[in-house]
Protein chains: 2
Amino acid sequence: MVTMSDVAKAAGVSRATVSYALRGDPRITESTAKKIREVAASLHYNANLSARSLRSGRTGIIGVAIFELDRPYPSEMSAAMSREIARRGYQAIVQQTSSSKDNEIAILQKVTSQLCDGMIFSPAQVADEELRALSHGKPMVLLDDISPDPVFDSVNTACEDGAFTAVRHLINIGCKHIVAIGPSYEMLVEDRMATSVVGRRLLGCLRAFEQSDIEVGPSNFLHLPKWDPEPSRAAARAMLESARYQGVDGVFCFTDTIALSFMRGLADCGVRVPDDIAMIGFDGISDSEYSVPSLSTIRTNLDDLAHKTVDLLIRHIENEGDDGAPQRLTADYELIMRESTRRR
Amino acid sequence: MVTMSDVAKAAGVSRATVSYALRGDPRITESTAKKIREVAASLHYNANLSARSLRSGRTGIIGVAIFELDRPYPSEMSAAMSREIARRGYQAIVQQTSSSKDNEIAILQKVTSQLCDGMIFSPAQVADEELRALSHGKPMVLLDDISPDPVFDSVNTACEDGAFTAVRHLINIGCKHIVAIGPSYEMLVEDRMATSVVGRRLLGCLRAFEQSDIEVGPSNFLHLPKWDPEPSRAAARAMLESARYQGVDGVFCFTDTIALSFMRGLADCGVRVPDDIAMIGFDGISDSEYSVPSLSTIRTNLDDLAHKTVDLLIRHIENEGDDGAPQRLTADYELIMRESTRRR
DNA sequence: TTGTAAGCGTTATCAT
DNA sequence: ATGATAACGCTTACAA
């Protein structure tokens with residue numbers, strides 16, 4: 001391994017001078033700096049990150065911790081974050097939490113908070129206050145954080161407005177009996193709404209129903225305990241066979257992944273989309289464009305989400321001194337109308 | 001920040017004792033060790049990774065560098081790797097190279113080789129010999145490495161056998177005019193085959209054609225310069241409109257992502273799958289199960305791939321002394337028959 | 001069985 | 001404008 005001392009020796013200067021020169025400190029004359037850079041390059045010198053981090057506390061790395069890497073939405077989101085982080089001159093590392101609390105804690109404690117100048121985190125299990133302790137004082141921006149009095153800045157998807165737009169679109173194309181797939185009716189009844197992503201999407205649905213004077217009941221919601229493809233596919237058959245949901249002609253799935261597999265479930269039963277039942281999803285994953293029929297959806301603009309998130313975080317990293325109340329931003333979204341809601 | 005000294009002071013021992021105790025060195029009596037662990041826990045002590053890494057060269061982190069995080073196959077693969085790495089008691093970090101050479105180099109130089117005990121890398125642009133220099137002597141296992149004389153261990157997907165199986169399956173169900181979507185006919189003619197993943201899949205196709213005495217020509221291949229959804233969808237229309245490909249009744253796409261969007265392209269033109277054209281893909285991504293029609297495919301067993309890769313790597317990490325010629329393993333695969341190749 | 005002390009390669013604070 | 005020289009927090013011979 002070639003260290004800073006080697007470079008210093010080869011260039012005939014001290015280690016300190018090398019350190020300054022390589023990081024562009026104006027104290028060093030351009031001529032010596034240039035020479036040092038050349039020597040460093042010719043020796044293939046690379047700064048040791050551990051040493052730098054130990055001494056300065058900075059690494060130039062931003063961590064992204066995400067629940068699942070193998071679902072389209074989180075993976076497209078991580079990719080967008082990685083690109084934006086790289087664009088801003090940092091290195092991105094991505095970690096999978098698997099939505100397990102132990103894992104979230106381990107990741108934060110053992111690597112993210114230690115190796116990263118800041119982190120982007122989508123908390124599933126760990127509460128805000130706990131996060132503060134785990135963050136080791138490092139800046140953090142949360143995604144879709146729902147805690148009532150936030151500790152960190154956060155960037156959210158447009159849950160309520162997006163859901164409102166989705167349901168209104170179904171109403172606009174003439175749907176009379178609309179079902180939201182994902183949430184539970186109990187949640188609505190118990191009024192635990194504002195405190196979660198699901199709840200906020202539910203709120204949006206309600207607003208759309210109300211606006212059109214549609215009375216709401218259990219037959220407007222189908223609860224999905226786990227938002228995975230297989231249960232979603234099964235849910236389609238279950239819905240068609242259940243008396244409660246007879247006459248459904250419009251479905252709003254709380255994620256595109258649910259929607260695509262639900263649509264597959266409808267196909268299993270010979271139900272045509274959109275002719276028999278119109279469908280719309282949420283997220284705007286790439287697959288939604290290529291399904292047959294293609295899926296209408298509320299697309300979260302991931303570039304905008306990444307831009308806002310990374311910008312907020314880097315602002316914290318670079319002006320350590322700021323603060324004030326935690327900010328809450330919302331990512332842009334758009335309604336994308338495709339075949340699954342196309343009516344003659 | 002609470003350091004080892006704080007723990008030592010609180011427990012009334014020296015820093016060294018704390019260090020030994022916390023890492024389970026048998027020299028320390030169980031009673032003192034227990035006490036130290038308790039004190040450490042109560043102070044929320046966490047070892048500083050930079051310091052540990054600087055001193056010992058070990059971090060307990062394994063890096064996974066992958067071309068694109070937002071395509072189903074690589075993201076499902078990274079997820080499988082992450083799970084397996086965690087199962088083996090290491091922490092996984094994932095980085096996106098975006099298939100750019102600069103990026104691959106930056107990632108290896110600036111973080112992976114520095115912070116990780118070892119790395120799993122899927123080289124797109126950087127040659128094996130270059131990698132050796134960038135690896136800083138850290139162990140590395142490559143994925144689908146195709147270099148003729150390998151420097152590192154590698155684990156490959158079953159390109160040739162998988163492609164052979166796919167094409168044979170199409171032949172078995174009665175396809176007469178089969179097209180492979182992805183590779184170029186020129187590659188075959190120029191015999192640059194064994195040197196790439198594409199080439200090895202092509203080899204498998206050829207073997208299947210030969211076995212059934214099918215004569216092979218340009219009309220059996222449709223070149224796709226970029227394996228992305230949009231060009232694949234467009235390729236379907238182009239194929240149908242081209243004189244060269246009249247009468248095609250079976251299509252083998254070199255990836256599932258190509259297959260799903262190609263299938264969408266066929267739907268755009270009113271062509272039915274499998275009735276008019278049968279289709280099979282390669283990879284076995286989750287989406288392939290939920291498309292309409294569901295997609296037959298050669299599924300790479302990602303758990304097996306991850307198991308073999310991580311095992312090889314950890315073996316290197318933990319017995320620094322081994323070596324011998326680089327090993328080359330192949331991940332298990334299976335033919336999955338679904339609707340897209342179902343004939344009455 | 002435990003403590004002492006010398007680094008690991010940087011960065012930052014002084015002097016010069 | 002540059003050079004000595006302490007840290008940073010941990011690991012690990014070696015000494016006690």
Side-chain angles (χ1 to χ4, degrees), chain A residues 1-37 39-40 43-61 109-111 113-117 136-138 320, chain B residues 1-37 39-40 43-61 109-111 113-117 136-138 320:
Chain A
M1 169 178 257
V2 29
T3 79
M4 195 172 257
S5 302
D6 300 326
V7 178
K9 204 175 299 169
V13 296
S14 76
R15 266 151 59 219
T17 308
V18 174
S19 177
Y20 289 132
L22 256 27
R23 285 175 313 113
D25 192 297
R27 279 184 278 191
I28 308 296
T29 22
E30 181 48 32
S31 62
T32 37
K34 179 161 177 253
K35 183 180 174 198
I36 289 172
R37 278 197 301 273
V39 171
L43 292 179
H44 300 291
Y45 168 74
N46 266 294
N48 179 312
L49 210 59
S50 302
R52 165 173 297 173
S53 160
L54 178 59
R55 183 63 239 236
S56 72
R58 296 286 300 271
T59 59
I61 298 176
Q109 257 180 0
K110 294 188 55 185
V111 351
S113 73
Q114 300 235 4
L115 296 181
C116 299
D117 292 346
H136 275 269
K138 292 273 182 71
E320 327 205 14
Chain B
M1 168 177 258
V2 28
T3 78
M4 194 172 260
S5 303
D6 300 326
V7 178
K9 205 175 299 167
V13 295
S14 76
R15 266 154 61 222
T17 308
V18 174
S19 176
Y20 289 132
L22 256 28
R23 286 178 310 111
D25 192 297
R27 277 184 280 191
I28 309 295
T29 21
E30 182 47 37
S31 63
T32 38
K34 180 159 176 256
K35 181 177 177 198
I36 289 173
R37 278 195 302 269
V39 171
L43 291 179
H44 300 292
Y45 168 74
N46 266 294
N48 180 313
L49 211 58
S50 303
R52 164 173 298 173
S53 160
L54 180 58
R55 184 65 239 244
S56 71
R58 297 284 299 272
T59 59
I61 298 175
Q109 256 180 1
K110 296 191 45 189
V111 352
S113 73
Q114 301 234 6
L115 296 182
C116 298
D117 292 346
H136 275 270
K138 292 273 182 71
E320 328 206 13

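Letters A, B, ... mirror the listed sequences (proteins, then strands); counts begin at 1.
- Separating the CD atom in B:Gln114 from the CG atom in B:Leu54 is a distance of 11.0 Å, to the nearest 0.5 Å.
- One N or O on the side chain of B:Ser56 and one on the backbone of B:Arg58 form a donor-acceptor pair closer than 3.5 Å.
- What separates CG of A:Leu54 from P of C:dG9 is a distance of 12 Å, to the nearest Å.
- Within 4.0 Å of A:Ser53, counting heavy atoms only, lies no atom of the nucleic acid at all.
- The outermost nucleotides of DNA chain D lying under 4.0 Å from heavy atoms of chain A, listed 5' to 3', are D:dA1 to D:dG9.
- Atom CE in A:Met1 sits roughly 7 Å away from atom P in C:dG9 (whole-Å rounding).
- Nearest-nucleotide positions on DNA chain C place B:Thr29 closer to the 5' end than the other of B:Thr29 and A:Ala47.
- Regarding contacts with the backbone of C:dG9, every side-chain N or O of A:Thr3 stays at 4.0 angstrom or more from both OP1 and OP2.
- Protein atom NZ of B:Lys9 is 20 Å distant from nucleotide atom P of C:dT2, rounded to whole Å.
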Go through it in stages, so that I can follow the logic: the residues are B:Leu115 and A:Leu115, the test is side-chain contact (heavy atoms from CB on, under 4.5 Å), and I'd like the CA-CA distance, side-chain angles, deciding distance and then a yes or no. CA-CA 9 Å; B:Leu115 296 182; A:Leu115 296 181; 3.9 Å; yes
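- Between the side chain of B:Asp117 and the backbone N or O of B:Gly60 there is at least one donor-acceptor pair closer than 3.5 Å.
- In terms of the side chain to side chain donor-acceptor pair (under 3.5 Å) criterion, A:Asp6 has no residue partners (sequence neighbours excluded).
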Give me the distances for all protein-to-nucleotides 12-16 of chain C N/O pairs that come in under 3.5 Å?
{"from": "C:dT13", "atom 1": "O4", "to": "A:Tyr20", "atom 2": "OH", "distance (Å)": "3.2"}

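- Closest-nucleotide positions on DNA chain C for A:Asn48 and B:Val13 were compared, and the one nearer the 5' end corresponds to B:Val13.
- For the side chain to side chain contact (heavy atoms under 4.5 Å, CB included) criterion with A:Ile28, the lone passing option out of A:Thr17, A:Val18, A:Leu22 is A:Thr17.
- Atoms OG and CZ, from A:Ser50 and B:Arg55 in turn, are 13.0 Å apart once rounded to the nearest 0.5 Å.
- Looking only at side-chain heavy atoms (C-beta outward), A:Ile61 and B:Val111 come within less than 4.5 Å of each other.
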